[in-house]
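Inspection log for the structure reproduced underneath, given as structure tokens.
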Amino acid sequence: MRLNDLLEQKKAAIIKEWFNLIVNSYPSDTAYFLKKQKDHFANPVGTTILHSLKPLFDEILNGMDHKAIVSYLDPMIRIRAVQVMFSPSQAVAFIFSLKKAVRSNLKKRENQDDHIINELIIFESKIDEVGLMAFDIFMKCREQVYKLKANGERNRVFRAFQRAGLVYEIPDGKRPGVMNVLKSSNTAVAPLDDRVD
Amino acid sequence: MENSRRSFLKLAGISALGLGTKPVLNAFASEEHKAEIQKKPEALKAKRWAMVIDTRKFESEEDLKPIVEACHKIHNVPEHTTKRHEIDWIWIDEFKHVFTNQEHEFVDDRVKYLPFLVLCNHCENPACVRVCPTKATFQRDDGIVLMDFHRCIGCRFCMAACPYGSRSFNFRDPRPFIKEENKEFPTRMRGVVEKCNFCAERLAVGKKPACVEASNGAIAFGDLYDSDSEVRELLKNNYTIRRKLELGAGPAIYYIV
Amino acid sequence: MNQKYMYSLIAVIVLILIAYVGVEAAGLQVLFGIILPYIAVLIFIAGFVYRVMDWASSPVPFSIPSTCGQQKTLSWIKHDKIDNPTTTTGVIIRMMLEILLFRSLFRNTKFALNEGPKISYVWEKWLWLVSLAFHYSFLVVLIRHLRFFLEPVPVWLQWLEEVDTFFQLGLPGLFLTGAILLGATTFLFLRRIYLPEMRYISLAADYFPLFLIISIAITGILMRYFTKVYIVGVKELAIGLASFHPTIPDGIGVLFYIHLLLVSVFFAYFPFSKLMHMPGIFLSPTRNLANNTRFKRHINPWNYPVETHTYEEYEDEFREKMIGAGLPVEKELPVVEKE
Amino acid sequence: MINPNSKERALELGHKPPKTDWMDTPTVYKEGIYCYAAKPARLEYVSLPNPRDWSCTAEDWQLPENWKEIILEGMKERLEKYRTFKIFMDICVRCGACADKCHFFIGTGDPKNMPVLRAELIRSVYRGEFTTAGKILGRIGGGRKLTLDVLKEWWYYLFQCTECRRCSVFCPYGIDTAEITIIGRELLNLIGLNIDWIAAPVAFCYRTGNHMGIQPHAYVDMLDFFTDEIENVTGVRCQQTFNKKGADILFITPSGDVFGDPGTYTCMGYMIVIHYLREVYGLDITWSTYASEGGNFGLFTSHEMMKRLNAKMYAEAKRLGVKWILGGECGHMWRVINQYMDTMNGPADFLEEPVNPITGTKFENAKTTKMVHITEFLSDLIIHGKLNLDPNRNDRLKNTFHDSCNPARAMGILEEPRYVIKSVCNNFYEMPRNTIREQTFCCGCGSGLNAGEDMELRLAGGMPRGNAVQYVHNKHGVNNLICMCAIDRAVLPACMGYWAPEVDVSGINELVANALILPGEKEKTVNLRDEPIWPKDVEPDEFYKRPSFPGR
Amino acid sequence: MLELVIKGSKKYWALIIGLLIVMGIGFGFWLWQLSFGLGITGMSRDVSWGFYIAQFTFLVGVAAGGVMVVLPYYLHDYKAFGRITILGEFLAIAAVIMCLLFIIADLGYPMRALNVLLYPTPGSVLFWDMIVLNVYLLLNIVVGWNVLEAERNGIPYPGWVKVLAIFSIVWAPLIHTVTAYLYCGLPGRGFWLTAILAPRFLASAFAAGPALLILLCLIIRRVTKFDPGREQIQSLAKIVAYAITINVFFFLCEIFVVFYSRIPSHMDHIRYLFFGLHGHGVLVPWMWTSISLMVVAIGLLVVPVTRKNEAVLAVACVAVFIGTWIDKGMGMISGGFVPNPLHHVVEYTPTIPEIIITLGVWATGFFILTLLYKIAVSVKEEVSEV
Amino acid sequence: MNDKNKIIIGLILFFVFMTLPFWYNMGKAAPVPETKLTEKAKLAKECVKPKEVMRAEHMQLLDTWRDSVVRDADRVYINEKGKKFGMSLSTGDDSCMGCHSNKADFCDKCHNYASVREYCWDCHIEPPEPPKEKK
């Protein structure tokens, strides 16, 4: 329990450093905006992170409630999942820099205390767990993007065609290969392509 | 090359800052060394100015009017036609008004009807100086409570603070109400407070206050801390009273009754 | 160190040095006091006219006002006559609000992300307020300077000065607009330096006029309150310029020539810079046009005929299918003889 | 929460190298941001220059040798032709008011998506190539030469602008980035640089009359199918007429509604309304297969292309001899109609000044263009009590309304749609005030950026809109986003899916049709989407017993 | 948020234009005063402060009274007042601005007003009054604006705002205490020379301020869609009831001390006000009216039945407001100057130009109040709608 | 759209205002005021400080003077050259106006020319015009 008290005490300093580490891990062009931001202007990423770190830290420290953690992580990662400047590792790396922030905020004496070290190992494994959760969220978001990318438009148009009876579904039990035979002998769609406005 | 350019820029920066200020700085610099400000040699000096009014020497208002006139004339005090706008540096009032707390039913008839001269008391602890938000009213080392008309904002806090009612305010431009202007003394403008200045401008050139001069010896003026002074002489030999002593303001006007 | 503002800062410092050396060392008062101001005014007028006429020479082919309110429509729907004007009066009011009160900047919001995350758009008042303060005090300062050019000084100008020095602060009395001008330009400069996005988009050409105006204000304030110049000489010079009898009176400090050179540069620079936003705003088609193109035809002077896909060509291509689908056609199918 | 002061101190600890000037920051083409290049067939079909197979990520763009001259010559020509362009090149003071108004900047955080910087990409070339000061001072004067890198930067960022004009509302000089983007894209088109998602609809539209490339018989087939669908729901057959000479009114709407969900429901909505008016009032409204497209991707290509595509509307109206034209729910279509059509292809003196034959209302505001917006028309009908409406049938929906950019900021049609919506449904909630009306946020996909390959860009750009919808969803349980633009209907479902799941998207006419009581209709239990008309948490019996329920 | 003031109903604009006209006339007369001097007022050598300073004193009270809705909310977490703290803060802003304008109007030489800053004099209470008033103004602007803006944007207000809000709570009594010290530290003015002056001022402030606030709340409820709330109004009414009772109690204490000690220099002023002195007594009917109004108001406010009836409550609040206004706005200053230090009775009545300028300042205050309340109420309406 | 006329009218209006100084003076330079010295001043040859300094800074000098006279009763100024002056604007022969008794010519001309309104004379009484200087 002693580590928890220590962390609770040094929370402000740890979060400050955590944020700092996160910002410094960004591509320089973005970091410039994150770092220099005086008010909430600039990149939503910076502010989202800023606002989510404390509750997230509290949750790691005290609760580790899966649902709560996801709810703090989701907004941070959801935005980054569509900001192509981040590689997947960059998108979730910030979780792990909490380890560094915690360690550098413990005094030497505290760092050598066996009891604390043991607790620290447990704490860090919780961070790993959160990191993995972050990765899950990131992947979920990316999958969603790709689903939208791959199917969204086509599906909608296709459904409309299908409903209009312009498309034949393959009847069960028939030999595959004869697909999507159009109803009329005339092609209904001009041969250029299938575009929606 | 890089170096010389940098030093050039440095030089330029410095001269940009110092630009144009040089001649002026010179002027002031030389002034500091040589120019001097002094008091006039003939100026009257005292540790604490005080005034003793020997009321025994007055009988009626007629005796006092010339004194008031003398003061008001040299100080360009206007004579307003509207009572509300009245300005007085020195004026005349009855015993019961001047010494509000010492009046009683059985007071001596002479005193009861005797006109008294009233003016600023140049208090030791002046409330007006205390309250002034701009230091426009201030106390000089020699005890004179003086006004800097240039600085007065006309808030009239001093008028509320003065327990003697010695202060007046220029409710309007005084100039049209000054019969004869004394060119040697400025008038005031609308919107500032004024009061008796113990003729500080006369003391500076070695003259006694105008009222003293006009009183034919009924008013004495001098240094309270000079044991040889006329005022000390009078205080030693006569019983004197001062106004509203209980307020602790320490008025410098003594009355021999 | 930001190169862009350093360039501008150095440029202004060099200008100051030129005037200083030119007057103090080389005695080129005639150049700085007469020749350059005349040239500057000439460049200003010619350049200004040239630029505006150049804009005028390009037509406005389409009416594309930004509509910021409800259009004129059915009689019972309240039409926003100012933000979506349909008449000249509406446009004039809209332009007046824009020019006199900076209507669009008044609308400005600042994007902010809050816990949640929740996006909010907070009214951003400072840019609007300071810009207003800056432009109006600049205008007053400019008008006040007419006292050097007009003799006798008109009464209205004296009133203006009286109001501007209402508070007796210092000797001679502090002109409030001068102080506001300096304060506002400093704010505008600091904004460019401290806000990252402003710093990113700012060019040397954004800093230069700011430094120029700040320097002009500082030299002006210095001359009035700190290191005095011979004001009668200044007016003599100014009147001389205005009446085409230029003279160089003796005894005017070098500070004045620096001030004058900076002002000359300001005027000469004006037509070739972003400062042309002053006339530009009057000509901005998204603001000075009425949104009335559905009931009043806007003419494009260079409208030219274009190639289109006509109905005839269309029917020719799809006639068979159209007939098949029961669509009416202009021409029936040709009877194709079978061979 | 970290207190702001300590945050600042923390930030100062960073030792990142100073960032580069924007002119020195190279453009890196990121997957998910750019759209694919136009295929040669599209360009050839409408005789646009330099058709070829190329890719924007390839080193060699296969440009004509004199591409630079072409662009500069084109710029010069446009500076002389468009005062907007010239003025907007000259008067920007970079005050920064526009910076955080752009949905792409908010969403992507890419500084070059600040409107001012997007314009500076072109302005810098203008200064460096056309102004004396810029030529002399070069970089210090903010000027630069036109190089291949600059060109690539143009292409990348000009196709990250949806021409939504939100920035122009806040600009103290009214500088309209859309105008700059339009002309920028026009310049790119001079050397065959376009994206396929724009070039294809342009070519399709030119040939078949609509973006989808739907041939006339298929168009009719599709609407016939909808007729069946409607009959299933209402029991009434809403047969439409096509290319009918001598009809009263020609109806033109974007073709996206004919083939794409959920626009199809809006399309059915039009059909029901048209049928109702024919049955009840004998009003003859006809569709055209030749002018079967309201949208105009020519606007995203060049002014000339816009004019070529737009010409069909008047031509068809003239051929059919109708009195006036009725326009469906579309965004940029209405920008073109409001601000360009009459100037380019008018005067339409062969048409009559539009009058609502049912109410007698003169549409004064469409006197010369002779084209009326369907919400103007509907508002007029509703206020005169000409439509038999039962708003309870939309009780399943809690609605909010997305002002589409072009109708809001290039036309100012704000109250009509709200009036119609409030007349046909009981639950309506506005989104936060700085995200609606003239300050509305773009869907993130306008001006031809609604391709599939730039999904990341679209979602990032749709973030502000998504956030505002999510806000009313959380606060009021809003589950339906109404919009009056075909692009919105096509793209907002994806945007909502990512940012505000559980919120559906529909057009206004879909709700109107749901509420409209058709003569001879059967007892209605489902809406056009085959969903029960009562709210999810309410039993049908209870629903019909509601005191608010009129005359059932 | 400022854009909210330019959208309003016809009545709103009529009010605005009406106030602007009064302001314009007042300003015109002030220009006349500026060029002629304070001679156009009824003030004299003996009564050197008049209507202006009296209004100033009263309005400092109104400004300080605004804190009575802010304090329970921030210090005692009384949630109900959260709805209307902004009304208290905005009332304070308008009142302080009126105070400053009255000071300016009262200055003989306003062009030199900045001398107070140029030659700071910590010994002068007026110097401190200038500081406390301006700081209070600033605090209320910053706190009020930020809290309202946060509410409008649906986000919590920044933490530092709460710190400032609590600071402003401490500050509010300070402004009235310092204002009382302007008077009660003066020798030779028996009427003011009493330690209970500051408590008396505060008591009347906490009565008059909330009473006005209640009236404003009732008006807002009538003319807008925003309802400040019944509970809120009743809580305020209780505050008014206590404060006005304490005010009268303090006054009785004063009466006892003065008349039991029978020190003439203290007694004469009160005698002048309530009974007349040496045949002078213009204020006598006014003062009795004031006392009666306050007593009646106590009756109406203390009895729950009458207090809970909002129509009666409104009457009681009007009584409190007018009662305290006469007490401070007329009696307090004149009473201090009459009789004068030489025991002459010189009476004071304001002149017409003086009253017009006063009206002009009041109009300015209500103009600002209208604009601020327009903003506040529009935001409240907006928030409850969206 | 033909709006050239409007633009030209606007330009003309703008330049009429901008070139107001040229119109106002109509090519004639108003005479520069000359500071006239009284005989007494001419005889004295020099003022408290050199002419250039006095010309530019007399107001500051007077400002410091008035403070020391009013607040410290210091009334004598001895300049660098040892010459004594009464530190007063208008009181005494050795005051400013004692020497420059021609206010209209000495003060007003320049002040009017430069549009500088001094408020000295709101209180201080201006000296009577010496009859011989008047013509």
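To find a chain, count down the sequence lines: A is the first, B the second, and so on, and within it residues start at 1. Quick note: numbers below take in every heavy atom, side chains included, and nothing from hydrogens, waters or symmetry partners. Values in this document were obtained by computation on a predicted structure and should not be read as measured data.
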Legend entry - Part of residues 267-280 of chain C lying next to chain F, heavy-atom separation under 4.5 Å: C/Phe267, C/Met278

Inset, instruction - With a 4.5 angstrom heavy-atom cut-off, could you sort out which part of F/Met18 is near chain C: side chain, backbone, both or neither? - result: side chain

Legend entry - Neighbour count >12 (heavy atoms, 6.0 Å) for atom NZ, C/Lys296: no

Inset, instruction - Provide the closest heavy-atom pair for C/Pro152 versus F/Tyr24 in the form atom of the first, atom of the second, distance. - result: O-OH, 2.9 Å

Legend entry - Top contributor to chain C interface from F/Glu52, F/Lys28, F/Glu118, F/Lys51 [non-hydrogen pairs under 4.5 Å]: F/Lys28

Inset, instruction - If the plane angle is over 60° it's perpendicular, under 30° parallel, otherwise tilted; pick one for F/Phe15 and C/Phe48. - result: perpendicular

Inset, instruction - Side chain from CB out, backbone as N, CA, C, O: work out which of these in C/Pro154 comes under 4.5 Å of a heavy atom of chain F, or both, or neither. - result: both

Legend entry - Exceeds 12 heavy-atom contacts within 6.0 angstrom, atom CE of F/Met54: yes

Inset, instruction - Give a yes or no on this: more than 12 heavy atoms of other residues, nucleotides or ligands lie within 6.0 Å of atom CH2 of C/Trp159. - result: no

Inset, instruction - Give the minimum heavy-atom separation between C/Glu161 and F/Ser115, together with the two atoms involved. - result: OE1-OG, 2.5 Å

Legend entry - Reported CG-to-CZ distance for the pair F/Leu11 and C/Phe282, which is rounded to 0.5 angstrom: 10.5 Å

Inset, instruction - Please determine, among C/Pro249, C/Ala56, C/Pro172, C/Ser63, the option with the most heavy-atom pairs under 4.5 Å with chain F. - result: C/Ala56

Legend entry - Any C/Met53 side-chain heavy atom under 4.5 Å of F/Ile8 side chain: yes

Inset, instruction - Report the option among C/Val229, C/Leu150, C/Val49, C/Val52 that has the most heavy-atom pairs separated by less than 4.5 Å from atoms of chain F. - result: C/Leu150

Legend entry - Derivation and outcome, side chain to side chain contact (heavy atoms under 4.5 Å, CB included), residues C/Glu162 and F/Arg117: CA-CA 9 Å; C/Glu162 199 90 330; F/Arg117 201 190 78 80; 3.7 Å; yes

Inset, instruction - Quick one: which of C/Trp55, C/Tyr230, C/Phe44 has the most heavy-atom pairs under 4.5 Å with chain F, could you say? - result: C/Tyr230

Inset, instruction - Mind listing the closest non-hydrogen atom pair of C/Val153 and F/Asn112 along with its distance? - result: CG2-O, 4.1 Å

Legend entry - Proximity breakdown for C/Ser57 and chain F, heavy-atom pairs closer than 4.5 Å: both

Inset, instruction - Identify the residues of residues 231-247 of chain C whose heavy atoms come closer than 4.5 Å to a heavy atom of chain F, ordered by number, or report 'none'. - result: C/Ile231, C/Val232, C/Lys235, C/Glu236, C/Ile239, C/Leu241, C/Ala242, C/Ser243, C/Phe244, C/His245

Inset, instruction - Sort C/Leu146 into side chain, backbone, both or neither according to what part of it lies under 4.5 angstrom from a heavy atom of chain F. - result: side chain

Legend entry - Distance in Å, F/Phe17 CZ paired with C/Ile143 CD1, rounded so as to fall on 0.5 Å steps: 4.5 Å

